[in-house]
Amino acid sequence: MNHENIISQRLVIIPLTLYIHFPWCLSKCPYCDFNSHVLSDEKAIASYVDSLLVDLEIEARTHKGSELSSIYFGGGTPSLLSANMVTKIIQQISKSFTFKPAIEITLEANPGTIDLKRCEEFQHAGINRISLGIQSFDDEKLKAIKRIHDAKQALAAIDVVKSAGFTNFNLDLMFGLPGQSIADGLKDLQAALNFMPPHLSWYQLTIEPNTLFAAVKPSRLPHSEKLWEIQQAGQDFLSKMGLKQYEVAAFCRSAENTCRHNINYWQYGDYLGIGAGAHSKITAINHSVKRYWKTADPRVYTQSEDFIEGEEIVATGKIPLEFMFNALRLYQPLSYGLFQERTGFTIDSIKTQLQSAQELGLIELADDSIVTTKHGKNFLNDLLEIFL
Ligand code: SF4
C-alpha cells in the first residue's frame, strides 16, 4: 500500500450505532449458525439483562456522549425480552449516549413470541422498527426448516405489528427452501407484499458448517440452476411491485425505509456491540481501526467481568479492502468521498484492484464514484475476491 495515499487526520465524525445481542431462542433452527441457544430456564434472561447493563456501562465510560444513529436488538430472539427489560436497556443507553434525531431502534421478533399487547409495549419502550423472522408462509416449508411457527402465526404476527402502529417494519423471507419451486418462491413474496411491508429481506437458505443441516442435509434442496431461476424471478417480481433492491438481500419501498443500522455496517461506519459474542469497530482520529468482541458463550458472558474476549487493530493496508468488501454489497454508486472519509485513504490506494474489476466488466468508474455493473451484481463473489 502506497503511503502517499494515506490521509493523516480524520476530519469528519464517523456514524456510530449500537448492537445488542440476545442469544436465546425457543428452539435451535437446523440451518442457524448464529450465536443462539435454546432457552432452558427463563431466569437466564434476567441475569443476562443485568450483564448487558454492566457491559453497556463499561462501553459508556469510553464513548460517553457519543451520538448513536441506530440501535438494534438482534439475536437470537430478542422478542423474548419483556417490554420492561427493553425499556430499562433503552433508558440506560439514553443516559450515556445522545440519540440522533429520528434514531432507528429495531427489535427482531419471531412469530409465536409476540401479541398485540407485547408489540404495543415494545413501541412504548422506544422500539420504532420491528424485523419479523417469517421465512415462509408455506407450512410444509416451515416444517422442513423446523421453524417454531406456522403460516397462520406468521400472518397473525404481521397483523399485530401493523395493528400496534409500527409503520416501519421488515419481513425476513428465505428462498431455496427444500422442495421450493419458482412458483412457491413467488407465492411467498406475494403473501408478504399483501401486507405492504416497507422493507423485505429475501435471502437464500445456505448450509453453514456446524449446523444440524450440515450434519444431516435436508432432502429436495433446489439445485444451483433452480436457485438462480428463483432468485431472478423473485427480483423481477419485487421490482415490478415497486420494491427497490438496495443490497444483495435487502429491498425497500422507499429510501426512508432502508435499514439504516445495516447500511452503517456496509458503509464501514463504526459500531459498538454489547452482549454475548457482539463485535465492535471503532475508528480512531488517526484512522486506525480497532475491532473487539465479547465472550460468545452467554453463560460465560454473564459471569465475565469485562466481557471482552479479543481485540485487534486492523492492519492499515487492509482497511481500504475491508471497506470495499462491505460497501460493494450495496446496490448504489459508491462515492470516492465516502471511501476517503471512512478509510483515510485516497481512492488511488486501490487503483490496481479497481482496474482489474473494470477490465472484467464488474464495475464502471465514474468521475466521482464506482458503479457495480449488472454483471458485477450477478458475480458479486468474483468482484469481492478482487478485494480479498
Ligand atoms: S430463531 Fe433465528 S436466531 Fe433463533 S435459532 Fe432460529 S434462525 Fe437462529
Side-chain angles (χ1 to χ4, degrees), residues 19-42 44-45 48-49 52 72-81 86 106-115 118-119 122 127 129-158 160-161 169-178 180 188 192 199-218 221 249-250 259 261-262 265 273-279 293-294 296-299 301:
Y19 175 78
I20 300 156
H21 190 70
F22 181 83
W24 310 111
C25 289
L26 292 182
S27 72
K28 180 79 180 175
C29 303
Y31 56 86
C32 177
D33 70 339
F34 296 156
N35 184 20
S36 62
H37 307 264
V38 177
L39 178 69
S40 49
D41 179 0
E42 293 246 343
I45 298 183
Y48 185 78
V49 170
L52 277 180
Y72 194 101
F73 290 79
T77 306
S79 49
L80 292 173
L81 284 163
V86 174
T106 303
L107 180 122
E108 288 180 352
N110 278 322
T113 65
I114 48 166
D115 55 22
R118 212 170 167 71
C119 275
F122 284 143
I127 302 295
R129 183 173 183 272
I130 294 272
S131 179
L132 268 177
I134 301 291
Q135 316 315 348
S136 175
F137 293 96
D138 179 329
D139 279 337
E140 192 199 318
K141 306 283 180 294
L142 288 168
K143 257 192 207 149
I145 57 169
K146 299 200 166 40
R147 293 291 294 185
I148 57 158
H149 66 271
D150 58 18
K152 205 171 150 199
Q153 285 171 305
L155 297 168
I158 308 173
V160 298
V161 165
F169 63 93
N170 166 59
L171 305 180
D172 266 357
L173 283 181
M174 290 173 120
F175 69 92
L177 300 172
Q180 193 176 44
D188 266 349
H199 193 282
L200 266 188
S201 298
W202 191 54
Y203 57 98
Q204 187 191 325
L205 169 68
T206 51
I207 306 298
E208 302 296 337
N210 303 318
T211 60
L212 218 66
F213 272 178
V216 187
K217 209 170 167 191
L221 279 178
C259 176
H261 188 83
N262 285 343
Y265 291 127
I274 62 165
H279 283 238
W293 50 95
K294 306 288 166 65
D297 184 329
R299 294 159 201 93
Y301 171 84

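Just follow the structure's listing: the first ligand is 1, and inside any ligand the first atom is 1.
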At a 4.0 Å threshold, what atoms of ligand 1 neighbour a non-hydrogen atom of Ser27? 5 (S)

Ignoring hydrogens and geometry beyond distance, is a side-chain donor-acceptor pair present between Ser36 and Lys28 at under 3.5 Å? yes

In this structure, is the centre-to-centre distance between the rings of Tyr48 and Tyr301 below 6.0 Å? yes

Protein N/O/S count near atom 8 (Fe) of ligand 1 (criterion: distance under 2.8 Å): 1

Mark up the atoms of ligand 1 that fall under 4.0 Å of a heavy atom belonging to Asn110, in ascending order. 1 (S)

Close side-chain approach of Asn35 and His21, heavy atoms under 4.5 Å: yes

Treating Thr211 as the side-chain partner and Ala214 as the backbone partner, does any N or O pair qualify as donor plus acceptor under 3.5 Å? yes

Establish, from distance only, whether the side-chain atoms of Thr206 and Glu208 form a donor-acceptor pair under 3.5 Å. yes

Return yes when Arg147 approaches ligand 1 closer than 4.0 angstrom through a heavy atom, no otherwise. yes

Sidechain-backbone polar pair: Thr77 side chain, Ser79 backbone, donor-acceptor under 3.5 Å: no

Please lay out, stage by stage, how His149 and Asn110 fare under the test side chain to side chain contact (heavy atoms under 4.5 Å, CB included). CA-CA 8 Å; His149 66 271; Asn110 278 322; 5.6 Å; no

